[in-house]
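Working notes, beginning with the structure itself.
Atoms considered below: every heavy atom in the structure, side chains included; atoms not considered: hydrogens, waters and symmetry mates.
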Amino acid sequence: MISKKMQALGEKASAIREIFEYGRRRKEEIGAENVYDFSLGNPSIPAPESVTETLLKLVEEREPCALHGYTSAAGDAGVRGRIAAFLRESFGFEADPNLIYMTCGAAASLTIALHAIVEPGDEVIVLAPYFPEYRVFAEKAGAKVIEVPCRTGDFQIDPAAVEKAISPKTKAILVNSPNNPTGAVYSEASLKELAAVLYEKRKAFGSTVFLIADEPYRELVYGDVKVPFLPSLYDAALLCYSFSKSLSLPGERIGYLAVSPHCPEKKSVFAAVCGAGRSLGFVCAPSLLQYTVAENLGKTADLSEYRENRELLCSALREIGYEFSPPDGAFYLFVKSLEPDEAAFCERAKKYDLLLVPSASFGCAGYVRISYCVTKKQILDSLPAFRALWNEYQESET
């Protein structure tokens with residue numbers, strides 16, 4: 001009568017969403033100020049004023065039917081042209097507007113990319129830890145997911161491990177940098193090494209492995225850290241971008257997918273992208289948002305709050321005794337669990353109304369993810385709970 005597979009997905013939400021929903025109910029019981037919810041990567045700072053100004057100007061000055069009507073299936077040509085020009089100016093990369101597809105956020109970009117290139121029996125490599133929905137997206141496209149652990153400690157890519165995992169069935173590798181959940185920014189040296197591995201495998205197997213770059217956190221970096229532009233390092237690259245984090249517009253669901261102009265058979269690949277978008281019903285991304293982001297390329301919300309939250313949380317948790325690798329980007333802290341069973345640790349944390357995400361769903365055991373895109377007050381108020389949780393474990397060991 002119905003798809004049992006889809007029913008199972010609908011009945012069991014992701015670990016992140018389950019904890020978020022638990023937090024929502026708990027806040028109703030004891031008050032939001034008493035629940036320290038670090039579950040969801042939901043930007044806590046407002047969009048820049050220029051976004052609001054652009055929206056108002058568009059509504060006031062453009063003819064309503066044109067403003068709210070359909071664009072081309074792949075997106076407005078003018079918007080795609082401006083994005084291509086921005087990529088050229090920002091990264092010295094010869095992006096082609098005719099190879100850009102506007103999407104409803106990075107999730108749609110990733111889903112379209114995978115459906116465009118995957119055939120039944122293909123394999124898709126994910127670098128663990130990884131965003132849990134990668135598995136859902138890849139398996140829905142018909143691929144088998146192959147997990148390849150990153151190095152322990154700094155969570156950088158292990159190119160040798162990737163090389164061992166690539167087979168003639170490998171169709172793509174998903175790369176997310178800055179990374180969710182670790183906050184790691186993959187080094188240019190490791191990415192160049194990865195690209196070299198992919199080129200060697202192309203010669204050996206006579207087939208191309210696509211590199212799908214998932215970059216919603218591109219602008220969220222700290223200090224002098226630079227995020228390498230992946231399409232400049234490897235030709236068969238599909239760039240998936242979202243404005244959700246940089247412009248604090250997660251609920252607006254707007255982004256794009258760009259096929260590298262150096263990609264082998266680029267026109268066929270883009271045709272497959274268009275076909276995937278059509279088959280999935282992802283055509284004509286919201287027109288109002290397309291026009292809005294086109295006027296705000298290169299702008300960001302005030303990201304300094306995330307930097308302050310990072311410094312505050314890292315300093316406080318390190319002083320208490322928690323172990324972690326300081327994140328170079330995004331707004332996540334990946335902290336070592338105080339017991340081998342990270343799910344049990346997260347359950348114990350609930351006693352103190354600390355809501356943390358266990359790492360098993362990220363393809364990695366023994367850690368929890370703390371999302372610090374929250375108010376500074378929440379972090380400060382939560383510190384006694386973090387210390388009480390730590391003390392409880394120390395007492396149980398004595």
Side-chain angles (χ1 to χ4, degrees), residues 3-10 12 14 101 103-150 157-159 161-177 179-180 194-195 197-199 201-202 204-216 230-231 234-240 242 255 257-260 263-266 268-282 360-364:
S3 167
K4 295 299 182 183
K5 185 175 181 180
M6 293 301 109
Q7 180 184 1
L9 281 174
K12 182 171 176 57
S14 71
Y101 192 99
T103 66
C104 293
S109 294
L110 291 164
T111 307
I112 291 170
L114 287 163
H115 277 79
I117 63 176
V118 165
E119 295 180 301
D122 284 343
E123 297 174 349
V124 171
I125 290 175
V126 295
L127 303 173
Y130 60 91
F131 180 51
E133 297 304 279
Y134 287 173
R135 177 173 290 279
V136 177
F137 299 158
E139 290 181 347
K140 174 61 175 65
K144 178 182 178 182
V145 174
I146 306 296
E147 295 181 356
V148 176
C150 286
I157 297 174
D158 183 346
V162 175
E163 182 175 15
K164 291 179 182 177
I166 295 176
S167 77
K169 295 181 179 180
T170 305
K171 182 56 68 73
I173 177 169
L174 272 163
V175 175
N176 172 219
S177 177
N179 179 261
N180 174 11
L194 174 63
V197 167
L198 297 182
Y199 282 127
K201 293 298 183 181
R202 184 184 300 178
F205 298 140
S207 58
T208 296
V209 176
F210 289 89
L211 192 158
I212 301 177
D214 179 25
E215 295 196 350
L230 291 179
Y234 183 67
D235 59 359
L238 306 180
L239 175 64
C240 297
S242 168
L257 190 167
V259 176
S260 170
C263 183
E265 301 182 29
K266 60 187 177 184
S268 295
V269 173
F270 188 71
V273 164
C274 294
R278 179 185 178 188
S279 70
L280 294 165
F282 287 146
S361 62
F362 299 106
C364 174

> Which atoms form the tightest heavy-atom contact between T208 and A236, and what is the distance?
Replying inline: CG2-CB, 3.5 Å
> With sequence neighbours left out, what residues match S167 under side-chain contact (heavy atoms from CB on, under 4.5 Å)?
Replying inline: E123, K169, T170
>> Ignoring hydrogens, what is the shortest heavy-atom contact between Y130 and G363? Give both atom names and the distance.
In response: CE2-CA, 3.8 Å
>> Using the ring-ring contact (aromatic ring centres under 6.0 Å, His included) criterion, which residues pair with Y199? Sequence neighbours excluded.
In response: Y234
> Could you give all pairs that pass the salt bridge (charged side-chain N to carboxylate O under 4.0 Å, His left out) test and reach residues 128-138, with sequence neighbours left out?
Replying inline: R135-E139, R135-E147
> In Å, rounded to the nearest 0.5 Å, how long is the span from CD1 of I125 to CD1 of I146?
Replying inline: 7.0 Å
> Mind checking what makes side-chain contact (heavy atoms from CB on, under 4.5 Å) contact with A272, not counting sequence neighbours?
Replying inline: A116
>> Quick check: closest heavy atoms across S207 and P168, and the distance to 0.1 Å?
In response: OG-O, 4.3 Å
> Which residues satisfy the side-chain contact (heavy atoms from CB on, under 4.5 Å) test with V197, sequence neighbours excluded?
Replying inline: E163, I166, K201
>> Measuring only between side-chain heavy atoms, which start at C-beta, is C263 closer than 4.5 Å to F270?
In response: no
>> A side-chain contact here means heavy atoms from C-beta on lying under 4.5 Å apart; do L127 and I173 qualify?
In response: yes
> Are side-chain heavy atoms of L230 and E215 found at a separation under 4.5 Å?
Replying inline: yes
> Partners of S177 by side chain to side chain donor-acceptor pair (under 3.5 Å), sequence neighbours excluded?
Replying inline: none
> Quick one: side chain to side chain donor-acceptor pair (under 3.5 Å) partners of T111, sequence neighbours excluded?
Replying inline: none
> What's the shortest heavy-atom distance between T103 and A108, and which atoms?
Replying inline: CB-CB, 4.0 Å
>> On a heavy-atom basis, which atom in C274 and which in Y101 lie closest, and how many Å separate them?
In response: CA-CE1, 3.8 Å
>> I'd like to check the salt bridge (Lys or Arg N to Asp or Glu O under 4.0 Å) partners of R202; sequence neighbours left out, ordered by chain and number.
In response: D235
> Is any side-chain heavy atom of V124 closer than 4.5 Å to a side-chain heavy atom of I212?
Replying inline: no
> Sequence neighbours excluded, which residues qualify as side chain to side chain donor-acceptor pair (under 3.5 Å) partners of D158?
Replying inline: none
> In chain order, what residues pass the side chain to side chain donor-acceptor pair (under 3.5 Å) check against D214, with sequence neighbours excluded?
Replying inline: Y134
>> Which residues pass the side-chain contact (heavy atoms from CB on, under 4.5 Å) test with K140, not counting sequence neighbours?
In response: M6, H115
